[in-house]
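None of these values were measured; they are calculated from a predicted model.
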Amino acid sequence: MSDTRLNSIIRAFESGKPAFAAFSKLDKQSAIEMSDAPYDGLVFEMEHNPYDVSALGDALQYMLNRKEIAESGSVAPRVTPIARIPANGVEMNQSFAKQVLDRGAYGVLWPHVATVEQAYNAVASCRYARPKNAPLYEPKGVRGDGPANASRYWGLSMADYYKKADVWPLAPQGEILVGLMCESTEAIENLDDILSNVPGIGFILIGEGDLSQQLGYPREYEHPVVLDAMRQIVETCKKHNVVVGNPHVTAKNHRRLLEEGYRFLMSAPSRSYGVVGMARAMEGY
């Protein structure tokens, strides 16, 4: 089994660099176009768009580029695909994570996670079961066993897929990212406990839209009250050395966000990819 890192988002994090990403529609043409974009990863949006695992399977295949495979010797897409599922944390619905991972996604983004219990369930849903005496037993894996499609997509035998299909950074060799969306005052209040008690969280993504709604300033992302709430999230993540992300990176705010410590930067996927280009230039990429 090769030790080559398959997940480009994790590769950026491990190198101490920010990772750049964008939300994407779930269709073949978007998958083709995004596969050549200057991103580390993309998030197929299935929370507010239709949840369609058949379409996800097709999109993942269209992410593959024969020329890149021939040149790199790896079938992993250069731009790593993960999926945002429709189940909120409070719903405790493990089947959505199982479905997208079984298609070959390299991670799951969970909306509206606000408690330790919900965060534990999110990570556990992305892990296979193992003996109680096994290393890294917690959070106890509850993902059902059906790796055939995913292992084929990753270009691995099933045995090697099992070795890599664990959550990073809990499992250093893991290629699966668990992202939790922090988008409520309850989540902010519980975030320290979440990050203290639930290993295996790959990143926290601020949900500015829902958070600003609850704070009484819908979509006023630069309002002082909203910015202060976001600052609390960033400080808590820094305390625990957990990556924090922002889903509304623009030409106007990218410099500030990088300086404040955001390491998962999501911009609107315009065909020029201008925001990503400016941010990468700032960092000397």
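With 3.5 Å as the limit, one finds no donor-acceptor pair spanning the side chains of Asn253 and His248. Under the 3.5 Å distance criterion, with hydrogens and angles disregarded, no donor-acceptor pair is assigned to the side chains of Gln214 and Asp210. Remark: the Tyr153 side chain and the Gln61 side chain contain no N/O donor-acceptor pair separated by less than 3.5 Å. Counting only N and O atoms by type, the side chains of Asp145 and Tyr162 include a donor and acceptor under 3.5 Å apart. A donor-acceptor contact closer than 3.5 angstrom is absent between the side chains of Ser196 and Asp193.
Counting heavy atoms from C-beta on, the side chains of Tyr128 and Val142 never come closer than 4.5 Å. No side-chain heavy atom of Ser24 sits less than 4.5 Å from a side-chain heavy atom of Glu45. Val249 is listed as a side-chain neighbour of Leu265, based on a closest heavy-atom distance under 4.5 Å. Between Ser151 and Met158, some side-chain heavy-atom pair lies under the 4.5 Å cut-off. With a 4.5 Å cut-off on side-chain heavy atoms, Leu177 and Tyr106 do not count as touching. Inter-residue side-chain proximity for Tyr221 and Arg219 is flagged as met; some heavy-atom pair is nearer than 4.5 Å. In this structure, Cys126 and Arg143 have side chains that are not in contact, with every pair of non-hydrogen atoms separated by 4.5 Å or more. Proximity of Phe23 to Arg84: side-chain heavy atoms (C-beta onward) are separated by under 4.5 Å at one or more points.
For the pair Glu175 and Arg5, the salt-bridge criterion is met [side-chain N within less than 4.0 Å of a carboxylate O]. We find that Glu260 and Arg256 are joined by a salt bridge, their nearest charged nitrogen and carboxylate oxygen being less than 4.0 Å apart. Between Asp166 and Arg130, at least one side-chain nitrogen of the basic residue sits less than 4.0 Å from a carboxylate oxygen of the acidic one, meeting the salt-bridge criterion. Remark: Arg78 does not engage Asp40 in a salt bridge, criterion side-chain N to carboxylate O under 4.0 Å.
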Show your reasoning for whether side-chain contact (heavy atoms from CB on, under 4.5 Å) applies to Leu156 and Leu6. CA-CA 11 Å; Leu156 301 173; Leu6 303 179; 4.3 Å; yes
Let me see the working for Trp168 and Ile9 under side-chain contact (heavy atoms from CB on, under 4.5 Å), right down to the final yes or no. CA-CA 11 Å; Trp168 179 94; Ile9 304 171; over 6 Å; no
Working for ring-ring contact (aromatic ring centres under 6.0 Å, His included), residues Phe203 and Phe264: CA-CA 8 Å; Phe203 65 94; Phe264 187 67; 4.5 Å; yes
Passes side-chain contact (heavy atoms from CB on, under 4.5 Å), Trp110 versus Val178? Steps please. CA-CA 8 Å; Trp110 293 78; Val178 178; 4.1 Å; yes
Take Ile82 and Val108 through the side-chain contact (heavy atoms from CB on, under 4.5 Å) test and state the conclusion after the steps. CA-CA 6 Å; Ile82 66 177; Val108 180; over 6 Å; no
Glu71 and Lys67: salt bridge (charged side-chain N to carboxylate O under 4.0 Å, His left out), yes or no, with the steps? CA-CA 6 Å; Glu71 291 177 349; Lys67 182 174 184 291; 2.7 Å; yes
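If you take CG on Leu26 and CG on Asp58, they are separated by 8.5 Å, rounding to the nearest 0.5 Å. To the nearest 0.5 angstrom, Arg280 atom CZ is 11.0 Å from Leu258 atom CG. Between the CD1 atom of Ile176 and the CG atom of Leu101 there is a distance of 5.0 Å, given to the nearest 0.5 Å. A distance of 5.5 Å separates CE of Met63 from CZ of Phe44, quoted to the nearest 0.5 Å. Here CD1 of Ile206 is found 8.0 Å from CD1 of Ile188. Values are rounded to the nearest 0.5 Å. Interatomic distance, CD of Glu220 versus CG of Leu227, reported as 10.5 Å (0.5 Å rounding).
Not a single donor-acceptor pair under 3.5 Å links the side chain of Glu91 to the backbone N or O of Asn93. A distance-only check finds a donor-acceptor pair linking the side chain of Tyr120 to the backbone of Lys140 [under 3.5 Å]. Between the side chain of Ser30 and the backbone N or O of Asp27, no donor-acceptor pair lies under 3.5 Å. Arg127 places no side-chain N or O within donor-acceptor distance of the main-chain N or O of Val167, the cut-off being under 3.5 Å. Listed for the Trp154 side chain is a donor-acceptor partner under 3.5 Å among the backbone atoms of Gly104. Not one N or O on the side chain of His240 forms a donor-acceptor pair closer than 3.5 Å with the backbone of Cys237. Panel note: side chain Asn190, backbone Thr115; no donor-acceptor pair is recorded below 3.5 Å. Remark: the backbone N or O of Ser95 is not paired with any side-chain donor or acceptor of Gln99 at under 3.5 angstrom. Under a 3.5 Å cut-off, the side chain of Thr80 and the backbone N or O of Ser8 do form a donor-acceptor pair.
Pro81 and Pro77 make their closest contact through CD-CG, 4.1 Å (heavy atoms, listed as atom of the first residue, atom of the second, distance). Residues Phe20 and Ala279 approach most closely at CE2-CB, 3.3 Å, considering heavy atoms. Among all heavy-atom pairs drawn from Leu180 and Ala122, the shortest one is CD2-CB, 3.7 Å. Across all their heavy atoms, Gly202 and Pro169 have their closest contact at CA-CD, 4.1 Å. Annotation for Val79 and Ser35: closest pair CG2-O, 3.6 Å, computed over non-hydrogen atoms. Across Cys182 and Leu191, no two heavy atoms sit closer than the pair SG-CD2, 4.4 Å.
Note: the hydrophobic cluster containing Ile32 does not contain Leu60 (ILVMFWY, side chain heavy atoms under 4.5 Å, direct or indirect links). Taken together through direct or relayed side-chain contacts under 4.5 Å among Ile, Leu, Val, Met, Phe, Trp and Tyr, Ile233 and Val225 form part of one hydrophobic cluster. Residues Ile85 and Val90 do not share a hydrophobic cluster, clusters being chains of Ile/Leu/Val/Met/Phe/Trp/Tyr side chains in contact below 4.5 Å. In the hydrophobic cluster analysis, where Ile, Leu, Val, Met, Phe, Trp and Tyr join through side-chain heavy atoms closer than 4.5 angstrom, Leu64 is grouped apart from Tyr62. Hydrophobic cluster membership is shared by Met282 and Met266, with clusters built from Ile, Leu, Val, Met, Phe, Trp and Tyr side chains linked at under 4.5 angstrom.
Within 6.0 Å of the CG atom in Asp228, the count of heavy atoms belonging to other residues, nucleotides or ligands exceeds 12. Dense packing is recorded around CZ of Arg231, with more than 12 heavy atoms of other residues, nucleotides or ligands lying under 6.0 Å away. Taking a 6.0 Å sphere around OH of Tyr51, one finds it holds more than 12 heavy atoms contributed by other residues, nucleotides or ligands.
With respect to Met181, the side-chain contact (heavy atoms from CB on, under 4.5 Å) criterion is satisfied by exactly one of Leu109, Leu211, Val113: Leu109.
Arg263 meets the salt bridge (Lys or Arg N to Asp or Glu O under 4.0 Å) test with no other residue; sequence neighbours excluded.
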